[in-house]
Amino acid sequence: YYYINYPISKAAGPPYPYFGGLWSRWFYHEPVYMAGIAEAYAKIKKTDAFEKLKEKYNEDMENLILYMIKDTVSFIESYGMCNGNMDPAEWIGLIRIGQALNRCDYILDVLDRIREFIQVNFMFDGFWKETTLSYHDNVVKGLLQAFSRINKDSENILKGFPVLQKAMDITRRLVYPNGKFIPVQDTHLSEIHEVSDIVFENFLLPCSKIVRLAGPKGENHTQIVFLAEPKYGHNHLDALSFNLFSRGVEMIPDYGYTHTSYRYWTLSTLGHNTTVVDEKDSKNQSGGNLLQYVPASFGTVGLVRGADPFCYEEASVYDRQIVTVPGENGDIGYTVDIFRVEGGKRHEYTLNLCLDYDIVTSCSLNLDGYSETLLPEDVRYEKPMEELSKGYAEGRYTAYMFVKDVKYGSIENRPYLVSYVIKDKEHEGKGIHIHGVPSEGVLMIGKAPSMRDTRISFAYDLNDRKDNHWSDKLVIRK
């Protein structure tokens, strides 16, 4: 969307385009820039500088600056309530302008907007409507900063908004023991957050429909995160996906958030730990439904089950049940994944293997077949060149092109085992075993972009680094 960010002519009049601004690439940034000018004006106003400038240049500089500030505020106000994740940044700028110019009406208007914003944009369990932790965190922090600008005793203001207490709890709770956010849709994974005992606990968020089954705290701690979240912005097409964290490693991970030309790969259903039906991405704005939840605990079974019957029009049943079973030490020893899908001509169960470390993967089946990608060999494809493109594959599922060097073999109604072991010294020897029950179909293991550099630092989220690391991708096609 970068090419549609450009300066707007004030003479055009409202309604102005969503992208673009008078002073910056986006109107949301205008109050921040203008706040600095307003604060500088307030300091100069305390001197006789404006009078001296008027005497020397016969120009009323004070009124010109005031006109510039007020005209910009008028431009900003023409957008009204946007109810977006950038609103708090806009309000902080308007509060600063109001304080600099002694314009209480600017501040009162912001307070009215904040009240409405909180009432209509947070779900009852406290999650910001977009159900992405990065934007949730930005919105909550922005609101708290706005409150502190108005009143240093923001604790009392918070008492008037109970849902914000829940929202603050979410940013503390949805963190892995390694300090990284749990990847929910467009969530940046490079930042390290505070870790407390709350990250080792089971939870169920009933409106955002996210569940964690957690084993006891300790060196071998394991947790499963199950996702049936709604899609109200910054969406990933991840119907009933799950992630597995164990022994300090994201063993079955999610890619997270990227602005590179591989963005579509990280959004696609194939790019998650779920099932693809008929070479298509899943689609359901409301997300799935949680059907069962039994918290895991020391020495006992945990369970979560969800269904999303509307994510594929071809599928009359799309139902997943995950059971955690304790091992000898009472922690989660293994996980049973039961995925029921009825309808459609092709089902592809798929898992991301470790993204952050180099691994050695093995399979008990004879994988003697080879394909350049998951696409048929005669299909011509072109990978996307920019962030918002899906690429081209002659009408076939473009996510297939991102998995290369595919080795495959027939399951032939036999049980099978796929295992991997981490090579990197920090977690050397750790890994998982994936046991498959006898069935018909084809098991495939290929290489997919791991986005490892992006996961290390947002500064490395660059097109010239996106191919630096590749990870193994498991697909079982039936």
With no hydrogens and no angle check, just 3.5 Å: does a side-chain donor-acceptor pair link Gln223 and His221? yes

For Gln321, the side chain to side chain donor-acceptor pair (under 3.5 Å) test, sequence neighbours excluded, returns Arg340

| message | When you compare the side chains of Ser261 and Asn463, does any donor N or O come within less than 3.5 Å of an acceptor on the partner? | response | yes

Determine, for Phe339 and Arg320, whether the Lys NZ or Arg CZ falls below 6.0 Å from the six-membered ring centre while staying within 45 degrees of the axis. no

- Query: Would you find a donor on one side and an acceptor on the other, under 3.5 Å apart, between the side chain of Ser286 and the backbone of Pro230?
  - Reply: no

Q. Any salt bridge between Asp125 and Lys166, counting N to O under 4.0 Å?
A. no

Side-chain donor-acceptor pair under 3.5 Å between Thr274 and Ser241, yes or no?
no

(Q) For Tyr135 and Tyr257, take the angle between the two ring planes, folded into 0 to 90°, and tell me which bin it lands in: parallel under 30, tilted 30 to 60, perpendicular over 60. (A) tilted

* To do: In plain terms, say whether Lys180 and Glu191 are close enough for a salt bridge, that is, a side-chain N and a carboxylate O under 4.0 Å apart.
  => no

Pair Asp356 + Arg455: basic N to acidic O under 4.0 Å | yes

Q | Tyr106 six-ring face occupied by Arg103 cation (under 6.0 Å, within 45°) | A | yes

Q.
We want to know whether Asn83 and Asn121 form a side-chain donor-acceptor pair, criterion being a heavy-atom distance below 3.5 angstrom.
A. yes

Q | is_close_aromatic(Phe242, Phe226), centroid dist under 6.0 Å | A | no

Assess whether a salt bridge exists between Arg172 and Glu194, defined as any Lys/Arg side-chain N lying under 4.0 Å from an Asp/Glu carboxylate O. no

Exactly one of Ile69, Ile107, Val32 clears side chain to side chain contact (heavy atoms under 4.5 Å, CB included) with Ile97, and that residue is Ile69

Does Asp278 come within less than 4.0 Å of Lys280, counting only side-chain N to carboxylate O? no

Can a donor-acceptor pair be found between the side chains of Asn352 and Lys473 at a distance below 3.5 Å?
yes

Checking Tyr79, Phe75, Tyr33 against Phe27 for ring-ring contact (aromatic ring centres under 6.0 Å, His included), the one that qualifies is Tyr79

- Relative to the ring of Phe402, is the ring of Tyr262 parallel (under 30°), tilted (30 to 60°) or perpendicular (over 60°)? perpendicular

Side chain to side chain contact (heavy atoms under 4.5 Å, CB included) with Phe203: of Val211, Asp169, Leu174, only one passes, and it is Leu174

Open item on the list: With no hydrogens and no angle check, just 3.5 Å: does a side-chain donor-acceptor pair link Asp281 and Ser268?
Closed with: no

Does the pair Ser246 and Thr222 meet the rule for a side-chain hydrogen bond (donor to acceptor under 3.5 Å, both in side chains), with working shown? CA-CA 4 Å; Ser246 183; Thr222 298; 2.8 Å; yes

In terms of heavy-atom contacts, Ala42 and Ala100 come closest through CB-O, 3.6 Å

Between Arg212 and Glu201, is there a side-chain N and carboxylate O pair less than 4.0 Å apart?
no

### Query
Just checking, any donor-acceptor pair under 3.5 angstrom between side chains of Asp254 and Asn243?
no

Cationic N near anionic O, under 4.0 Å, Asp71 to Lys10:
yes

> Any side-chain heavy-atom pair from Tyr318 and Phe310 closer than 4.5 angstrom?
Replying inline: no

Q) Are Lys466 and Asp453 close enough for a salt bridge, meaning some N to O gap below 4.0 Å? A) no

| Does the side chain of Asp87 come under 3.5 Å of the side chain of Tyr28 through a donor N or O and an acceptor N or O? | yes

task: On the 0 to 90° scale, with breaks at 30° and 60°, tag the His188-His259 ring pair as parallel, tilted or perpendicular.
output: tilted

| said: Run Tyr357 and Val249 through side chain to side chain contact (heavy atoms under 4.5 Å, CB included) and show every step you take. | reply: CA-CA 9 Å; Tyr357 306 99; Val249 178; 4.2 Å; yes

(Q) Parallel, tilted or perpendicular, judged at 30° and 60°: which one describes the rings of His435 and His433? (A) tilted

In Ile322, Val323, Val301, Thr324, the residue satisfying side chain to side chain contact (heavy atoms under 4.5 Å, CB included) with Val336 is Val323

Problem set entry | Distance-only polar pair, side chains of Ser134 and Thr132, donor-acceptor under 3.5 Å | no

Just wondering, do Tyr255 and His236 contact through their side chains at under 4.5 Å, heavy atoms? no

Residues Arg263 and Glu387 bridged, charged N to O under 4.0 Å
yes

Open item on the list: Can you confirm whether the side chains of Asn85 and Glu130 place a donor and an acceptor under 3.5 Å from each other?
Closed with: yes

Worksheet item: Side chains of Asp238 and His272: do they bring a donor and an acceptor to under 3.5 Å?
Response: no

### Task
Give a yes or no on this: more than 12 heavy atoms of other residues, nucleotides or ligands lie within 6.0 Å of atom OH of Tyr67.
no

